[in-house]
There are 2 protein chains.
Amino acid sequence: MHSFTEENYLKTIYYLANRQQSEVSTNALAEMTSTKAASVTDMLRKLADKQLIHYKKYQGVRLTDEGERLALQVIRRHRLWEVFLVEKLGFGWEAVHEIAEELEHIRSEELVTRLDTYLGNPQFDPHGDPIPTPTGQMPETGYQKLSDVSIGEGVCLMGVLEHSTEFLQHLDHSNLTLGCTVTVREINAFDKSVLVQIASGRTVFVSYEVAKNLLVN
Amino acid sequence: MHSFTEENYLKTIYYLANRQQSEVSTNALAEMTSTKAASVTDMLRKLADKQLIHYKKYQGVRLTDEGERLALQVIRRHRLWEVFLVEKLGFGWEAVHEIAEELEHIRSEELVTRLDTYLGNPQFDPHGDPIPTPTGQMPETGYQKLSDVSIGEGVCLMGVLEHSTEFLQHLDHSNLTLGCTVTVREINAFDKSVLVQIASGRTVFVSYEVAKNLLVN
DNA sequence: ATAAAAATTTAGACTAGTCTAAATTTTTAG
DNA sequence: CTAAAAATTTAGACTAGTCTAAATTTTTAT
Ligand SMILES: [Mn+2]
Ligand SMILES: [Mn+2]
Ligand SMILES: [Mn+2]
Ligand SMILES: [Mn+2]
């Protein structure tokens, strides 16, 4: 069996590897897990001993197939629980991440299977992130950023790149909800902010900083 | 904040104190928590330092008010999650205890409150055990054992004293379900086994060993 | 190409929780 | 009441995970 801590390291390695498309560094992991580099090095040796990562001293780290499988299991549990918290318990999407960080470590195949069924086999979590399959595949999403959409195009809001409470609440206040269709009306040449029209007909101002973090298709 | 381990000790002290109606001994705790007496002694010192128990060396241990409050919170979470697992996810009542042992440590007031509401503020868990109130009161149940009921009496099956998978599955196979009404038809003078009539009209043989562990009212 | 800077690893230490073996206290039985 | 038995605590050690400070390796910039 694997500890909470090991599961968190695997998950973090998965995220960083995918974000940077390369070996993950000790420092990056230290920052992400709020620990010190020395602690990370210790853990990397343990994970390497268990064949969950490929690790050569000073050269960064990469998940093995087994390591990736475990990481995806944890991410699957995290996202399923987030769906539960929002859809069934009525939490706001900005409040669920922290709780899911704990729930994701409850290890029972049966529990995950039943939860998945109970939720209607959701494909995406409340933030639009795809839920890995039971067999450990991460579904591809062909999303682009709202900041890359041209004038006149109508797109559907599908997800967010930024998960902070502040950002998510800002979207709530702007009436930008996942699933809603928006049409780009103006793009400001100077600050790259965009003006989008939402279903109600109203137009909403979206700063470049926000548009960069909004996924659409 | 308190660790999983501390929460488990508090919960165990609560159970044993209520079962024995007296100070809880180091050995009893060691057996219950599957550790050794020496480990228990160490933990008792820590809990006493945190004012969660009253502890005098060699004299056994008792929860403080704060310790009892925490113990009841853990038990409340445990039982609410068991209700969720059975009522919402469709687990059998013999399968939920282990999973609830993990879920009970997820600490979020908001989560417990919402879960309670979502479940319809249940008063009892799937085994008939009362769910402590949000303010930390353990509801009284005036149940008696089926083995103490006299011939001719009609009673309702309300709970179990034994929680093992084997016992619960035995009840399933005997068609003895919580909530169902049974009438005692015969009591065997020699082995104290009882013959009860269930709603369908059929009679079911109940050994003394089983009757002792069945709560009714 | 080499020296300074940055990143990483090693060394040594600490905490929580556990263990075994030994010492101590309490209980029980004659 | 006292000696043996039982229960409990203490002593010393181990693992997982973390830390700081020092040593080492890699990268960067002259
Ligand atoms: Mn999340
Ligand atoms: Mn999410
Ligand atoms: Mn239980
Ligand atoms: Mn129960």
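Order of the sequence lines fixes the chain letters, A, B, ..., with proteins taken first and strands second; residue numbering starts at 1 for each chain.
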Before accepting this row, confirm whether a basic side-chain N of the pair B:Glu101/B:Lys11 lies closer than 4.0 Å to the acidic partner's carboxylate O.
yes

When rounded to whole Å, the CE to P distance for the pair B:Met1 and C:dA16 reads 16 Å

Separation of D:dG17 atom P from A:Asn8 atom CG, nearest Å, is 11 Å

note: B:Leu44, atom CG; D:dT10, atom P; distance rounded to Å ~ 11 Å

- Sub-4.5 Å side-chain heavy-atom contact between A:Met138 and A:Tyr14: yes

So, is B:Ser3 near the phosphate of C:dG17, with a side-chain N or O under 4.0 Å from OP1 or OP2?
yes

From CD of A:Glu6 across to C1' of D:dG17 the rounded distance in Å is 10 Å

Task: OP1 or OP2 of D:dG17 under 4.0 Å from side-chain N/O of A:Lys46 - done: yes

**Asked** Can a side chain N or O of B:Asn27 be found less than 4.0 Å away from OP1 or OP2 on D:dA6?
**Response** no

Per atom distances to the B:Lys36 side chain, the nearest of C:dT9, C:dC19, D:dT26 is C:dC19

Between CG of B:Asp42 and C1' of C:dA21 the distance, given in whole Å, is 14 Å

Rounded to whole Å, the OH-P distance (B:Tyr55 to D:dA7) equals 16 Å

The nucleotide from D:dC19, C:dT18, D:dT10 with an atom nearest the side chain of A:Ser39 is D:dC19

Among the nucleotides C:dT9, C:dG17, C:dC19, whichever has the atom closest to the side chain of A:Thr26 is C:dT9

Between A:Tyr9 and A:Lys57, the residue closer to the 5' end of DNA chain D by nearest nucleotide is A:Tyr9

Out of D:dT25, D:dG17, C:dC19, minimum distance to the side chain of A:Thr5 belongs to D:dG17

In whole angstroms, the gap separating P of D:dT18 from CD of A:Glu31 amounts to 16 Å

Practice task
Please work out if B:Phe4 contacts a base, only the sugar-phosphate, or nothing of the nucleic acid, heavy-atom cut-off 4.0 Å.
Solution key: nothing

task = May I ask you to decide if the ring planes of B:Phe4 and A:Phe4 are parallel, tilted or perpendicular, using 30° and 60° as cut-offs?
result = perpendicular

query = Salt bridge between A:Arg79 and A:Glu82, side-chain N to carboxylate O under 4.0 Å?
reply = no

B:Tyr58 atom OH is separated from C:dT25 atom P, nearest whole Å, by 6 Å

Quick note, A:Ala38 side chain, CB onward, closest among D:dT26, D:dG17, C:dT10 is C:dT10

Check your understanding: For the residue pair A:Trp81 and B:Trp81, does the interplanar ring angle fall in the parallel (under 30°), tilted (30 to 60°) or perpendicular (over 60°) class?
Key -> perpendicular

Taking a pair to mean Watson-Crick or G-U wobble geometry with both distances below 3.5 Å, D:dA22 pairs with C:dT9

By nearest-nucleotide position on DNA chain D, the 5'-leaning member of A:Met43 and B:Gln59 is B:Gln59

